[in-house]
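Some notes on the structure that comes next.
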Amino acid sequence: MDTTQTHRSPDSTMHAAASTTVEGMALDDRWHAQSAHTDARAATRGDVVGPSARGRTRYPRYFSRAAGAYLWDLDGRRYVDFNLGYGPVILGHADERVTEAVLAELRNGNCIAPLWSRRQSELTDLLTSVVPGAEMAYLLKTGSDATSTAVRLSRIFTGRDKVIRWGYNGWHDWAAGIPAGIPAATRADTLLFDYDNLNTLRDAFARHPGQVACVLMMPFGDETAPEGHLQKIRDTAHEHGALFVLDEMRSGFRLSLSGAQGLLGVQADVSTFSKAMANGHPISAVVGRADVLSCLRRTRISSTYYADPAPMAAALATIQILRDTDASERIWEVGAAFQVGLAALVDRHRVPARVVGYAPMPFLQFTHPDPAVREQMSTAFAAGAAQHGVLLHPSHQWFLSAAHTREDIDFALNGCDQALAVLAAQVA
């Protein structure tokens with residue numbers, strides 16, 4: 001039986017031009033100018049889409065509220081949201097079933113360390129029942145917590161120091177993509193390989209025989225994984241005595257109840273989850289072989305807030321809904337409809353781009369031969385879509401939720417149609 005909530009479809013009248021202040025500046029711009037004095041993130045991190053030539057935002061920075069498939073900005077303008085917090089919101093923003101589970105837990109208190117909540121045992125039981133080959137699970141807070149824990153456990157288990165990785169795996173020193181502030185010795189123990197060229201993985205092992213603890217990677221990027229690709233990487237890791245660690249932050253509980261491992265038929269020694277695991281509430285997990293996770297006895301990975309039962313309640317509710325309703329099937333359906341419709345628009349407008357990825361997490365890749373032009377086109381498209389009430393990230397794959405309806409998809413395709421028409425005229 002489908003118990004997923006229904007949500008109102010977007011009303012075009014709700015997407016009228018944003019209201020402005022008496023000075024003619026949107027509330028978003030005014031708030032940003034003020035907050036940049038004390039908010040280090042606002043002062044140092046660029047916008048999703050840069051401002052216009054007049055310095056006005058072309059893409060909302062702040063939101064006032066979120067519900068279902070929608071976000072509202074500070075001016076009260078509503079958007080169909082395909083960012084979904086970079087993927088965690090699998091059921092829809094502020095899903096009542098998840099919210100009620102969290103509130104019920106909060107009424108019993110939330111900071112209980114050093115004691116444990118029974119939710120911890122319930123959730124680890126549930127995780128090991130749905131993740132292929134999993135025997136134990138350890139609960140944390142963030143994705144970076146989980147991947148860094150997996151690395152340390154791999155090093156303890158193998159007695160080796162080096163890590164080979166691919167994809168975005170977090171912000172901690174071993175995985176940081178920007179070298180500033182990271183000791184050279186730490187960077188030297190992290191090796192990279194090319195996802196599309198497995199000879200680079202073999203070369204990394206050959207250069208460091210007997211030194212690699214694990215291969216840690218996302219299962220895919222914007223595009224789908226080639227058949228058998230992950231199995232080849234796992235087999236290569238095992239041939240060299242390294243563990244195979246799958247970073248399922250984006251794919252976990254989104255592609256299927258058992259993540260990319262279930263969909264693609266591969267089994268990791270250790271896997272990491274967060275995001276869609278709890279519909280956006282802050283929790284993560286390391287899941288895998290008991291002999292590897294038992295290495296926690298030999299180290300200390302702890303935080304006061306790891307014992308917080310409220311996000312555990314959110315994860316229990318979210319996973320059970322995904323298990324017991326047709327939410328996942330409907331996410332695939334609306335995602336596929338969006339991909340098909342967007343591909344038709346790209347073809348009609350003759351824009352150099354292609355639709356890629358799995359239906360629950362698609363993306364539009366611009367294919368102009370000049371990288372600078374590709375970036376400009378992607379940014380212009382995202383800005384144009386936002387002007388028509390559709391939030392699409394220019395450089396990060398998008399996401400669908402169980403709250404998105406076919407009416408939402410039709411509305412979004414109409415906004416994309418108008419954004420692509422303007423873009424096509426500019427590149428013609």
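Just so we're clear, the structure is a prediction, and the values are computed from it rather than from any experiment. Values below: every heavy atom of this structure, side chains too, minus hydrogens, waters and symmetry copies.
With hydrogens and angles ignored, the 3.5 Å screen pairs a side-chain donor or acceptor of Asp73 with a backbone N or O of Gly76. Under the 3.5 Å distance criterion, the side-chain polar atoms of Arg155 are left unmatched by any main-chain donor or acceptor of Lys162. Judged by distance alone, with hydrogens and angles left aside, the side-chain atoms of Thr128 form a donor-acceptor pair with the main-chain N or O of Asp125 at under 3.5 Å. Judged by distance alone, with hydrogens and angles left aside, the side-chain atoms of Asp28 form a donor-acceptor pair with the main-chain N or O of Arg61 at under 3.5 Å. The closest donor-acceptor contact from the side chain of Asp408 to the backbone of Thr405 lies under 3.5 Å. Within the 3.5 Å criterion, the main-chain N or O of Gly50 finds a donor-acceptor partner in the side chain of Arg58. Lys275 places no side-chain N or O within 3.5 Å of a backbone atom of Gly252 that could act as its donor or acceptor partner. No donor-acceptor pair under 3.5 Å is formed between the side chain of His388 and the backbone N or O of Ala385. Ser284 places a side-chain N or O within 3.5 Å of a backbone atom of Thr142 that can act as its donor or acceptor partner. No donor-acceptor pair under 3.5 Å is formed between the side chain of Thr272 and the backbone N or O of Thr147.
Contact of the His32 side chain with the Asp47 side chain is registered, since non-hydrogen atoms from C-beta on lie closer than 4.5 Å. When side chains are defined from C-beta on, Met249 does not count as touching Asn169, because their heavy atoms never get closer than 4.5 Å. Within the 4.5 Å cutoff, side-chain heavy atoms of Pro352 are placed close to those of Thr367. Side-chain contact between Pro209 and Gln211 is present, with at least one heavy-atom pair separated by less than 4.5 Å. Counting only heavy atoms from C-beta outward, the side chains of Pro360 and Trp332 approach each other to under 4.5 Å. Leu364 places a side-chain heavy atom less than 4.5 Å from the side chain of Val346. Between Cys214 and Phe244 the shortest side-chain heavy-atom distance does not fall below 4.5 Å. Using a 4.5 Å heavy-atom threshold, the side chains of His368 and Gln376 count as separate.
Using a 3.5 Å distance cut-off with no hydrogens or angles, the side chains of Gln261 and Ser271 do pair a donor with an acceptor. Side chain to side chain, Asn279 and His93 fail the donor-acceptor criterion of an N or O pair below 3.5 Å. Checking Ser294 against Asp291 by side-chain atom types alone, no donor-acceptor pair falls below 3.5 Å. Side chains of Tyr62 and Ser35: a donor-acceptor N/O pair is present below 3.5 angstrom, by distance only. Arg234 and Gln267 form no side-chain donor-acceptor contact under 3.5 Å, judged by distance and modelled atom types alone. Using modelled atom types and a 3.5 Å distance limit, the side chains of Ser251 and Glu248 yield a donor-acceptor pair. The closest side-chain donor-acceptor pair between Asn197 and Thr200, if any, does not fall under 3.5 angstrom. Using a 3.5 Å distance cut-off with no hydrogens or angles, the side chains of Asp269 and His238 do pair a donor with an acceptor.
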Inset, instruction - Could you walk me through whether Leu413 and Phe338 pass side chain to side chain contact (heavy atoms under 4.5 Å, CB included), step by step? - result: CA-CA 7 Å; Leu413 289 173; Phe338 189 39; 3.7 Å; yes
Inset, instruction - Would you sort out whether Ser258 and Val131 count as a side chain to side chain contact (heavy atoms under 4.5 Å, CB included), showing the intermediate values? - result: CA-CA 5 Å; Ser258 51; Val131 177; over 6 Å; no
Inset, instruction - Evaluate salt bridge (Lys or Arg N to Asp or Glu O under 4.0 Å) for Glu333 paired with Arg330, printing each intermediate quantity in order. - result: CA-CA 5 Å; Glu333 288 174 4; Arg330 289 186 297 104; over 6 Å; no
Legend entry - Audit row: Arg77, Asp75, salt bridge (Lys or Arg N to Asp or Glu O under 4.0 Å) steps and yes/no: CA-CA 6 Å; Arg77 188 183 188 196; Asp75 288 299; over 6 Å; no
Inset, instruction - Determine, step by step, whether Glu375 and Ser378 satisfy the side chain to side chain contact (heavy atoms under 4.5 Å, CB included) criterion, reporting the C-alpha distance in whole Å, the side-chain angles of both residues, the deciding distance to 0.1 Å, and the verdict. - result: CA-CA 5 Å; Glu375 183 177 357; Ser378 184; 5.8 Å; no
Inset, instruction - Let me see the working for Phe381 and Leu392 under side chain to side chain contact (heavy atoms under 4.5 Å, CB included), right down to the final yes or no. - result: CA-CA 9 Å; Phe381 172 66; Leu392 298 167; 3.8 Å; yes
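Taking the six-membered ring for Trp and the full ring otherwise, the centers of His393 and Phe82 sit at least 6.0 Å from each other. Aromatic ring centroids of Phe363 and His396 lie 6.0 Å or more apart.
The nearest pair of heavy atoms linking Val245 to Ala150 is CG1-CB, 3.9 Å. Closest heavy-atom contact between Val102 and Ala314: CG2-CB, 3.6 Å. Closest non-hydrogen pair, Arg254 versus Val89, comes out as NH2-O, 3.5 Å. Closest approach of Gly335 to Leu400, counting heavy atoms only: CA-CG, 3.7 Å. Here the shortest heavy-atom pairing between Met277 and Thr318 reads O-CB, 3.6 Å.
Both the sub-6.0 Å distance and the 45° axial angle are not jointly satisfied by Arg374 relative to the ring of Phe366.
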Show which side-chain atoms of residues 215-228 pair as donor or acceptor with protein atoms under 3.5 Å away, not counting sequence neighbours.
residue	atom	partner	partner atom	Å
Glu223	OE1	Arg354	NH2	3.1
Glu223	OE2	Arg354	NH2	2.8
Glu223	OE2	Gln365	NE2	3.4

Identify all side-chain donor-acceptor contacts of residues 171-185 below 3.5 Å with residues at least two apart in sequence or on another chain.
residue	atom	partner	partner atom	Å
His172	ND1	Ser144	O	3.4
His172	ND1	Ser148	OG	2.6
Trp174	NE1	Ser148	OG	2.7

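In this structure, Tyr70 and Trp72 have perpendicular ring planes: the angle between them is above 60°, well past the 30° mark. Between Trp166 and Tyr195, the two ring planes are tilted [angle within 30° to 60°]. Between Phe273 and Phe253, the angle of the ring planes lies from 30° to 60°, which puts this pair in the tilted group.
Salt-bridge check for Arg165 with Asp247: failed, with every basic side-chain N at 4.0 Å or more from each acidic carboxylate O.
Under the side chain to side chain contact (heavy atoms under 4.5 Å, CB included) test applied with Ile319, the options Asp324, Ile90, Leu123 reduce to a single match, Leu123.
Within 6.0 Å of atom CZ in Arg348, more than 12 heavy atoms from other residues, nucleotides or ligands are found, so the atom counts as buried in its surroundings.
Remark: Leu342 CG to Cys416 SG distance equals 5.5 Å, nearest 0.5 Å. Interatomic distance, Leu126 CG to Ser121 OG, rounded to the nearest 0.5 Å: 11.0 Å. The line from NE2 of His349 to CG of Leu423 is 9.5 Å long, rounded to the nearest 0.5 Å. Atom-to-atom distance recorded for Arg65:CZ and Arg78:CZ is 8.0 Å, nearest 0.5 angstrom. Note that the CZ atom of Phe193 and the CD1 atom of Ile164 stand 8.0 Å from one another [nearest 0.5 Å]. Going from atom CG of Leu153 over to atom CG of Leu243 covers 9.5 Å, rounded to the nearest 0.5 Å.
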